[in-house]
Amino acid sequence: MSMLSNLELLRRVPLFASLTASQSASIADAIIKKRFKRAEVVVEQGKKSDALYIILTGRARVTSADSRGREVILATLHPGDYLGEMSLIDDEPHSATVRTEIQCDVLMLGRDAFARCLPENSSMAYNIMRGLVQRLRHADRKIESLALMDVYGRVARALLEFASQDGMGNLKVRDKISRQDLAKMVGASREMVSRVMKDLEERGFVQSQEDGSVIIKDRLLTLT
Ligand SMILES: Nc1ncnc2c1ncn2[C@@H]1O[C@@H]2COP(=O)(O)O[C@H]2[C@H]1O
């Protein structure tokens, strides 16, 4: 990754896919590459940082906390995802904290360069709009589940969000998600989530594997 020029790196980022050669060249001059260690804060809720950050490698977590330090996990970001755009667009402090889960290589584009390339490139602006709309859809579903669902339904939805088909045709959550993280995703206590998971297991809605993955049974859908 470190051998690639800024221009080559830009070509790998979907957000910049529609830039013309001259726009790419001017942005390539403005971007800075930065490596974040594991568990480092990229942007902090309530603070300003004046840049757009694009994740090239690694994984980061978006969280929001209240004044008592209670935290909710809003999303996990992967390569190609970007962050910090909200603060650049409305000029307010960051809406959430983004912290790396593992080492991340990140591209940083400063406020001025961001402001320069947006009006010149409507498809990039459209990409950002689409990303914000998708996030609003997701947030609407989350509000709905918080208001209308019990913890069973919320845990079921969270598990389904992380699930994918394995080679055997099973729907499976491969990465081990701690009860604590699951609790922070669904807005419930760790104890409550542990109880719900145990019950779901006993009643055959899910099946934990020895490697930490969880097989999802079709009937889990009935809870969502
Ligand atoms: N619900 C969410 N899903 C994904 N990313 C988010 C979410 N909320 C905030 N972010 C990102 O986290 C960033 C925090 O700083 P900003 O508010 O500048 O921009 C925010 C977005 O890029």
Side-chain angles (χ1 to χ4, degrees), residues 36-46 55 57-81 83 94-104 134-224:
F36 288 87
K37 291 193 292 252
R38 195 183 87 85
E40 243 190 287
V41 171
V42 182
V43 301
E44 192 174 345
Q45 185 174 12
I55 299 182
T57 65
R59 197 173 64 236
R61 173 180 286 193
V62 185
T63 59
S64 182
D66 68 7
S67 55
R68 289 161 58 187
R70 291 178 305 181
E71 198 180 68
V72 51
I73 298 175
L74 298 175
T76 305
L77 304 179
H78 299 98
D81 290 337
L83 60 118
H94 293 299
S95 60
T97 292
V98 180
R99 186 180 278 106
T100 58
E101 285 188 0
I102 52 178
Q103 174 181 290
C104 288
Q134 281 167 353
R135 201 180 298 157
L136 181 58
R137 279 184 191 279
H138 191 259
D140 285 350
R141 300 247 307 148
K142 206 53 177 277
I143 291 169
E144 175 205 296
S145 68
L146 287 171
L148 305 177
M149 282 184 155
D150 58 15
V151 180
Y152 281 86
R154 274 142 56 190
V155 167
R157 270 200 184 175
L159 290 174
L160 286 165
E161 225 175 275
F162 283 94
S164 58
Q165 295 279 349
D166 70 3
M168 315 284 283
N170 288 318
L171 197 55
K172 201 169 182 182
V173 179
R174 285 158 211 258
D175 297 326
K176 190 166 167 33
I177 310 174
S178 72
R179 301 286 184 265
Q180 180 70 63
D181 283 354
L182 207 47
K184 286 182 184 178
M185 285 172 209
V186 303
S189 68
R190 190 176 53 78
E191 294 73 19
M192 181 64 162
V193 167
S194 295
R195 231 178 302 145
V196 166
M197 282 300 289
K198 188 160 174 275
D199 197 30
L200 289 176
E201 181 100 38
E202 282 168 8
R203 290 163 60 198
F205 287 95
V206 300
Q207 200 183 333
S208 296
Q209 305 296 100
E210 275 188 3
D211 62 2
S213 63
V214 176
I215 292 180
I216 308 283
K217 301 292 180 184
D218 287 346
R219 46 199 305 245
L220 190 74
L221 285 162
T222 62
L223 300 179
T224 66

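Throughout, residue positions are numbered sequentially from 1 according to the sequence presented.
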**Q** Taking the side chain as every heavy atom from C-beta outward, state whether K217 and Q207 have any pair of such atoms under 4.5 Å apart.
**A** yes

**Q** Does T76 offer a backbone N or O that forms a donor-acceptor pair with the side chain of R59 under 3.5 Å?
**A** no

**Q** Counting C-beta onward and ignoring hydrogens, is there a side-chain heavy-atom pair between V214 and F162 closer than 4.5 Å?
**A** no

**Q** Please table the atom pairs, donor to acceptor, closer than 3.5 Å between any side-chain atom in residues 165-173 and protein atoms at least two apart or in another chain.
**A**
unit_1: D166; atom_1: OD1; unit_2: M168; atom_2: N; d: 2.9
unit_1: D166; atom_1: OD1; unit_2: G169; atom_2: N; d: 3.1
unit_1: D166; atom_1: OD1; unit_2: N170; atom_2: N; d: 2.8

**Q** Output yes when a side-chain donor or acceptor of T100 lies under 3.5 Å from a complementary backbone atom of E40, and no otherwise.
**A** yes

**Q** To the nearest 0.5 Å, how far apart are CD in Q209 and CZ in R174?
**A** 12.0 Å

**Q** Examine distances only and state if a side-chain atom of T224 and a backbone atom of R157 form a donor-acceptor pair shorter than 3.5 Å.
**A** no

**Q** Between the main-chain N or O of R203 and the side-chain N or O of R219, is there a donor-acceptor pair closer than 3.5 Å?
**A** yes

**Q** Would you mind reporting whether V151 and R195 have side-chain heavy atoms less than 4.5 Å apart?
**A** no

**Q** Using a 6.0 Å cut-off, check whether atom CG of D218 has over 12 heavy atoms from anything other than its own residue.
**A** no

**Q** Has the side chain of E71 got a donor or acceptor atom that lies under 3.5 Å from a matching backbone atom of K184?
**A** no

**Q** With V62, which of L74, V43, V42, L83 fulfils side-chain contact (heavy atoms from CB on, under 4.5 Å)?
**A** L74

**Q** Does CZ in R38 sit with more than 12 non-hydrogen atoms of other residues, nucleotides or ligands closer than 6.0 Å?
**A** no

